[in-house]
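Structure first, then comments.
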Amino acid sequence: MAELASTFKDIVGDENVLTREGDTAYYRTGFRCGYGGASAVVFPTTLLEQWRVLQAAVDAGCAIIMQATKTGLTGGSAPSGFDYDREVVIINTGRIHGLRLLKEGTQALAFPGDTLFELGKALQKIDRVPHSVLGSTSIGATVIGGVANNAGGALCKRGSSYTELALYARVDQAGRLELVDHLGIRNLGETPEEILERLEAGDFSDEDLIDDDRVASDADYVNRIRDLEATVPNRYNADPRRLHEVSGSAGKVACFAVRVDTFAAPKKKQVFVLGTNDPQHFVTMRRRILGGFEHLPEMGEYMNRATFNTAEKYAKDVALAIKYLGTERLPRAYALKAKAEYLLNKVPFLPKYLPDIVLYYASKLFPQHLPKRLLEHRDAHEHLLILVTADESIEESRRYLEDEWGRIPGVGFFECTEDEQEAALLHRFSAAGAGLRYQNLHQRTTEEVLALDIALLSSDPEWVEDLPEEITKDMVLALSYGHYMCHVFHNIYVFRKGTDVAAIKDRMLERLEAQGAKFPAEHNFGHLYEAEQVVKDFHQALDPTNTFNPGIGRTTKSRRPARQS
């Protein structure tokens, strides 16, 4: 390995190669889960350096894990365990930037280190927005990472992140590294070196862009979400219609650049908060909106009362940080917290996840951060929905709520002021980490969090789980939140210490599979879920020798032999 490390240093410089175990440990650890071995972490700073590092690693017969900001939620951007059959090299591309707006900002070109936050900031100047908002944007996720994982989709009209316009490297059947240029830009050159250098130099114009039948977003999603009788969920990671080269690749190729669509920013936004104690009321509402509205709302974000209460208490600091520090500082704050957490977790006499504990107690010093009407609505209703509307959908939604929804006995709604709508959306976002924070604070008496990322059939009326006593007897917390219009839910469970969580997870997934659900819905398989066969076949076609991200989707980590043509 010393010789290969020396080669890496010749390519990127000594300061951009880490080999000591203590130096590489942070990059060998997942954002929420996962930890494993790697002989080196390499940080190319240009596209050409990335190509040369890849070539050296392939020539040395290494397993390669591509990594950027390391925000994967299922362990897919870090090694898993120490049982690989060859040396593992992590190539961290977070230092390669080259964001560029194309076609008057209606598309963007993103390099490996370009984040959704950076794209959103660039688009803000021209009243446009990226594919994803708030969630992935705030934690520092990259554009290419979102495409590779078919991530996002909270927005009713956009679906999961997707493009057919990409420049990437793969290892072919014979074990050779090849550059595949499907980026759709003319005259970049013939060799990999020419293509990468000209692309990075910006040596092209809009006139060089190829516009054919390839797409740079999931343009059909707005029609799919309206199909209330579909035999598969609206969106899920194993959907073969959204597995194309880099899209859904989950790190089985090394991407250099993508072209993605951008979207016009709404001119006006209005948030409504709905509540009910009967989940069937939301079923009726959803079918009415998707089946009858001319203009769909932007989002429909669900949370149950347990999620609301847990987020109010255990994720208060997150909402306060966004409100007072702003989203611009949040990705950096998340990165610093993660590094501090890793270092402190190594100290034997300290409790694990000490930063979370400190932030929790610090947040208690601040007054109530949620508006009175939102709290009153929580007190009155078990199930809450944050309905985000914009432009033409505002009045259409208001009429429905006043004339139809508001006449149903036992339901409620109110139209948010600007302060209320900001608080409601921040609360929904902060809820995503509330279960983890709860477990961190109760780590001595509870097992690790069981998190399920589920896509239900659009026609499934049983969207609120009715779990048997054999599953719930040791359960201390059950949270449910998600993107209600597309029937994607994130369910978080915490069990007492000593519970066999793995066995419970298997039983839960069996129940969900029997009702036609798909999982994962949008966080990809990582090392937590077994990939469906269609995904395994797709990944093997991309990476026939199992060079990139071996073991993903609970597949084999072993090298597959190259075959000469």
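Gln439 contributes no side-chain N or O that, together with a main-chain N or O of Leu436, makes up a donor-acceptor pair within less than 3.5 Å. Proximity of a side-chain donor or acceptor of Ser247 to a complementary backbone N or O of Leu243 within less than 3.5 Å is not detected. Remark: side-chain polar atoms of Asp206 are not paired, donor with acceptor, to backbone N or O of Leu102 under 3.5 angstrom. Distance alone, capped at 3.5 Å, is enough to place a donor-acceptor pair between the Asp453 side chain and the His523 backbone. No donor-acceptor distance shorter than 3.5 angstrom exists from the side chain of Arg214 to the backbone of Leu165, with no hydrogens or angles considered. Counting only distance, with no hydrogens or angles, the side chain of Asp543 and the backbone of His539 share no donor-acceptor pair below 3.5 Å.
Nearest approach of Asn524 to Asn237, heavy atoms of both residues: N-OD1, 2.7 Å. For Pro550 against Ala63, the heavy-atom pair with the smallest separation is CG-CB, 3.8 Å. Taking both residues in full, the closest heavy atoms of Phe538 and Glu245 are given as CZ-O, 3.4 Å, listed atom of the first, atom of the second, then distance. The shortest non-hydrogen separation linking Ala562 to Gly175 is CB-N, 3.8 Å. Scanning both residues, Ser217 and Asp261, for their nearest heavy atoms gives OG-OD2, 2.7 Å. Here the shortest heavy-atom pairing between Ala78 and Gly30 reads CB-N, 3.8 Å.
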Review point. So Asp211 and Lys103, salt bridge (Lys or Arg N to Asp or Glu O under 4.0 Å) or not? Walk me through it.
Key: CA-CA 11 Å; Asp211 289 316; Lys103 301 167 65 175; 3.1 Å; yes
Check your understanding: For Tyr27 and Phe43, what are the C-alpha separation, side-chain angles and deciding distance, and is it a ring pair (Phe, Tyr, Trp, His ring centres under 6.0 Å)?
Key -> CA-CA 11 Å; Tyr27 302 95; Phe43 301 86; 5.1 Å; yes
Review point. When you look at Leu119 and Asp114, which way does the side chain to side chain contact (heavy atoms under 4.5 Å, CB included) test go after all the steps?
Key: CA-CA 7 Å; Leu119 176 57; Asp114 292 327; over 6 Å; no
Check your understanding: After noting the C-alpha distance and the side-chain angles of Arg560 and Thr547, does the key distance pass the side chain to side chain contact (heavy atoms under 4.5 Å, CB included) rule?
Key -> CA-CA 8 Å; Arg560 285 190 289 267; Thr547 295; over 6 Å; no
Exercise for review: Take Arg224 and Asp218 through the side chain to side chain contact (heavy atoms under 4.5 Å, CB included) test and state the conclusion after the steps.
Suggested key: CA-CA 10 Å; Arg224 278 205 322 278; Asp218 185 358; 2.9 Å; yes
Practice item. Assess whether ring pair (Phe, Tyr, Trp, His ring centres under 6.0 Å) is satisfied between Tyr168 and Phe256, documenting all intermediate values. Key: CA-CA 5 Å; Tyr168 64 96; Phe256 291 85; 9.1 Å; no
Exercise for review: Evaluate the side chain to side chain contact (heavy atoms under 4.5 Å, CB included) criterion for residues Ile492 and Val449: first the C-alpha distance (whole Å), next the side-chain angles of each, then the deciding distance (0.1 Å), finally the verdict.
Suggested key: CA-CA 7 Å; Ile492 309 294; Val449 162; 3.5 Å; yes
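In terms of the side-chain contact (heavy atoms from CB on, under 4.5 Å) criterion, residue partners of Asn440 (sequence neighbours excluded) are, by chain and number, Tyr353, Asp356.
The closest side-chain donor-acceptor pair between Glu164 and His182, if any, does not fall under 3.5 angstrom. Inspection of the Asn150 and Ser160 side chains reveals no N or O donor paired with an N or O acceptor under 3.5 Å.
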Show every donor-acceptor pair shorter than 3.5 Å between a side-chain atom in residues 8-19 and any protein atom, with sequence neighbours excluded, or say none if there are none.
unit_1: Asn16; atom_1: OD1; unit_2: Arg95; atom_2: NH1; d: 2.5
unit_1: Asn16; atom_1: ND2; unit_2: Val12; atom_2: O; d: 2.9

Side-chain donor-acceptor pairs of residues 185-201 under 3.5 Å, sequence neighbours excluded:
unit_1: Arg186; atom_1: NH1; unit_2: Glu207; atom_2: O; d: 3.2
unit_1: Arg186; atom_1: NH1; unit_2: Leu209; atom_2: O; d: 3.3
unit_1: Thr191; atom_1: OG1; unit_2: Glu194; atom_2: N; d: 3.1
unit_1: Glu194; atom_1: OE1; unit_2: Glu190; atom_2: N; d: 2.8
unit_1: Glu194; atom_1: OE1; unit_2: Thr191; atom_2: N; d: 3.2
unit_1: Arg198; atom_1: NH1; unit_2: Asn187; atom_2: O; d: 3.3
unit_1: Glu200; atom_1: OE1; unit_2: Leu47; atom_2: N; d: 3.0

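With contacts defined as side-chain heavy-atom distances shorter than 4.5 Å, the pair Thr163/His244 does not qualify. With contacts defined as side-chain heavy-atom distances shorter than 4.5 Å, the pair Cys486/Arg235 qualifies. Residues Thr262 and Val129 are not in side-chain contact: their nearest non-hydrogen atoms beyond the backbone lie 4.5 Å or more apart. When side chains are defined from C-beta on, Asn546 does not count as touching Arg559, because their heavy atoms never get closer than 4.5 Å. By the 4.5 Å heavy-atom criterion applied to side chains, Val143 and Val258 are counted as neighbours. Contact check for Arg259 versus Leu183: side-chain heavy atoms found under the 4.5 Å cut-off. The shortest distance between side-chain heavy atoms of Ile552 and Lys252 falls below 4.5 Å. Side-chain contact between Val215 and Tyr162: present, with at least one pair of heavy atoms (C-beta onward) separated by less than 4.5 Å.
Within 6.0 Å of CZ in Arg242 there are more than 12 heavy atoms belonging to other residues, nucleotides or ligands.
Separation of atoms NZ (Lys557) and OG (Ser80) is listed at 4.5 Å; rounding is to 0.5 Å. Rounding to the nearest 0.5 Å places CG of Leu512 at 4.5 Å from CD1 of Ile454. Distance check, rounded to the nearest 0.5 Å: OG1 of Thr74 to CG of Asn149 gives 7.0 Å. With rounding to the nearest 0.5 Å, the separation of CD1 in Ile225 from NE2 in His483 is 11.0 Å.
Annotation: cation-pi pair Arg158/Phe263 present, NZ/CZ under 6.0 Å from the ring centroid and within 45° of its normal. A cation-pi arrangement is found for Arg100 relative to Phe204, the charged atom lying closer than 6.0 Å to the ring centre and inside a 45° cone about the ring normal. A cation-pi arrangement is absent between Lys536 and Phe525 under the rule of less than 6.0 angstrom and at most 45 degrees off the ring axis.
Proximity of the aromatic rings of Phe429 and Tyr481 is defined here by a centroid distance below 6.0 angstrom, and this criterion is not met. Taking the centre of each ring, Phe519 and Tyr236 stay at or above the 6.0 Å mark.
Ionic pairing of Asp317 and Arg437 is present here: one or more N-O contacts between side-chain nitrogen and carboxylate oxygen are shorter than 4.0 angstrom.
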